[in-house]
Amino acid sequence: MSEMAEEAKWYVVHTYSGYENAVAAAVMKAAENRKMTDLIREVNIPMETVTEFTDNGEKTVERKVFPGYVLVKMILTDDSWHLIHNVRGATGFVGSDGKAIPLTEQEIYDLGVERREIVVGYAVGDEVKVIDGPLAGFLGTVDELEPEKNRVRVVVSMFGRETPVDLELDQVEVIKH
């Protein structure tokens, strides 16, 4: 079962405009009814909160980021492909030559579909070692920490000078004393 969990990828399903919620619900219901929740894991409709200014003042509304599309996390097999294609309102997968193409890790992250929770084991002022990138092996002190931006600023000593360097959170590790 753990092997299959690795294979589930996010695919984009095209729908008739206005049918996104119905398609999302129908896909999950069909997966449950056919006992295919091991293949079809999750359905997502990316939403954004927007403030609209009207004659009556401003109001905040939830709006679909990509009208006419639904994201489905699934293992693509003949059965799961047919399940999606047979859902009323779904017109097929986004891809080329009739083949469904999964989203890349970066696309998934950019869309905010899956949030990777990063647990940072260090804080401002801690001594850290750079473990990845061109500065691997350098030691430094954490100067700034921005987990939501996946960024840490470390002051390293290079050529006898203190130099601030921006790195990704997983490029450094705390030095255990």
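Note: hydrogens, waters and symmetry copies are ignored here, and every other heavy atom, side chains too, is used.
Side-chain contact between Leu76 and Phe93: present, with at least one pair of heavy atoms (C-beta onward) separated by less than 4.5 Å. Here the side chains of Leu139 and Val156 are not in contact, with every heavy-atom distance at 4.5 Å or above. The closest side-chain heavy-atom distance from Pro46 to Phe66 is below 4.5 Å. At a threshold of 4.5 Å between non-hydrogen side-chain atoms, the residues Thr49 and Thr60 count as touching. Here the side chains of Leu145 and Leu169 are in contact, with some heavy-atom distance below 4.5 Å. Put simply, the side chain of Leu103 reaches to within 4.5 Å of the side chain of Val12, judged on heavy atoms. In this structure, the side chains of Ile131 and Val172 stay at 4.5 Å or more apart for every pair of heavy atoms. Between Lys59 and Thr51 there is no side-chain heavy-atom pair separated by less than 4.5 Å.
Listed by first then second residue, pairs satisfying side-chain hydrogen bond (donor to acceptor under 3.5 Å, both in side chains) with a partner in residues 74-94 read His14-Thr91, Thr77-Ser80, Trp81-His85, not counting sequence neighbours.
With rounding to the nearest 0.5 angstrom, the CG atom of Leu39 is 12.0 Å from the CZ atom of Arg34. To the nearest 0.5 Å, atoms CD (Glu168) and CG (Asn150) are separated by 5.0 Å. In this structure, CD on Glu20 lies 9.0 Å from CE on Met47, to the nearest 0.5 angstrom. In this structure, the separation between CE on Met74 and OG1 on Thr37 is 13.0 Å, given to the nearest 0.5 Å. Taken from CG in Asp126 to CD1 in Ile175, the straight-line distance is 9.5 Å, to the nearest 0.5 Å. A distance of 10.0 Å separates CD of Glu162 from CG of Asp143, quoted to the nearest 0.5 Å.
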**OP:** Under the side chain to side chain contact (heavy atoms under 4.5 Å, CB included) rule, what do Asn21 and Ile45 come out as? Steps first, then yes or no, please.
**Re:** CA-CA 8 Å; Asn21 295 351; Ile45 303 169; 3.1 Å; yes
**OP:** In sequence, state the C-alpha distance, the side-chain angles, and the governing distance for Trp10 and Asn44, and then conclude on side chain to side chain contact (heavy atoms under 4.5 Å, CB included).
**Re:** CA-CA 9 Å; Trp10 284 98; Asn44 186 304; 3.8 Å; yes
**OP:** Before giving the answer on side chain to side chain contact (heavy atoms under 4.5 Å, CB included), spell out for Val43 and Leu71 the whole-Å C-alpha distance, their side-chain angles and the decisive distance to 0.1 Å.
**Re:** CA-CA 6 Å; Val43 178; Leu71 304 178; over 6 Å; no
Subject >> Check against side chain to side chain contact (heavy atoms under 4.5 Å, CB included), Ile40 and Ile84 >> reply: CA-CA 10 Å; Ile40 297 176; Ile84 299 292; 4.3 Å; yes
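Electrostatic pairing of Arg153 and Glu146 does not count as a salt bridge here, judged by no charged N lying under 4.0 Å from a carboxylate O.
A donor-acceptor distance shorter than 3.5 angstrom exists from the side chain of Glu107 to the backbone of Thr104, with no hydrogens or angles considered. The main-chain N or O of Val65 is never found under 3.5 Å from a side-chain atom of Glu48 such that the two would form a donor-acceptor pair.
Cluster membership check: Val152 shares its hydrophobic cluster with Val174, using side-chain heavy-atom separations under 4.5 Å among Ile, Leu, Val, Met, Phe, Trp and Tyr. One hydrophobic cluster, built from ILVMFWY side chains closer than 4.5 Å, holds both Phe159 and Val165. Under the 4.5 Å side-chain heavy-atom criterion for ILVMFWY residues, a single connected hydrophobic cluster contains both Val128 and Val124. Both Val27 and Tyr16 belong to a single network of hydrophobic side chains, linked directly or stepwise wherever heavy atoms of I, L, V, M, F, W or Y lie under 4.5 Å apart. Under the 4.5 Å side-chain heavy-atom criterion for Ile, Leu, Val, Met, Phe, Trp and Tyr, Met158 and Val142 are members of the same hydrophobic cluster.
With hydrogens and angles left out, the side-chain atoms of Glu127 and Thr141 include no donor and acceptor closer than 3.5 Å.
For Tyr122, there are no ring pair (Phe, Tyr, Trp, His ring centres under 6.0 Å) partners two or more places apart in sequence or in a different chain.
What you find for Gly89 and Val23 is that their closest heavy atoms are C-CG2, 3.6 Å.
Atom NZ of Lys129 has 12 or fewer heavy atoms from other residues, nucleotides or ligands within 6.0 Å.
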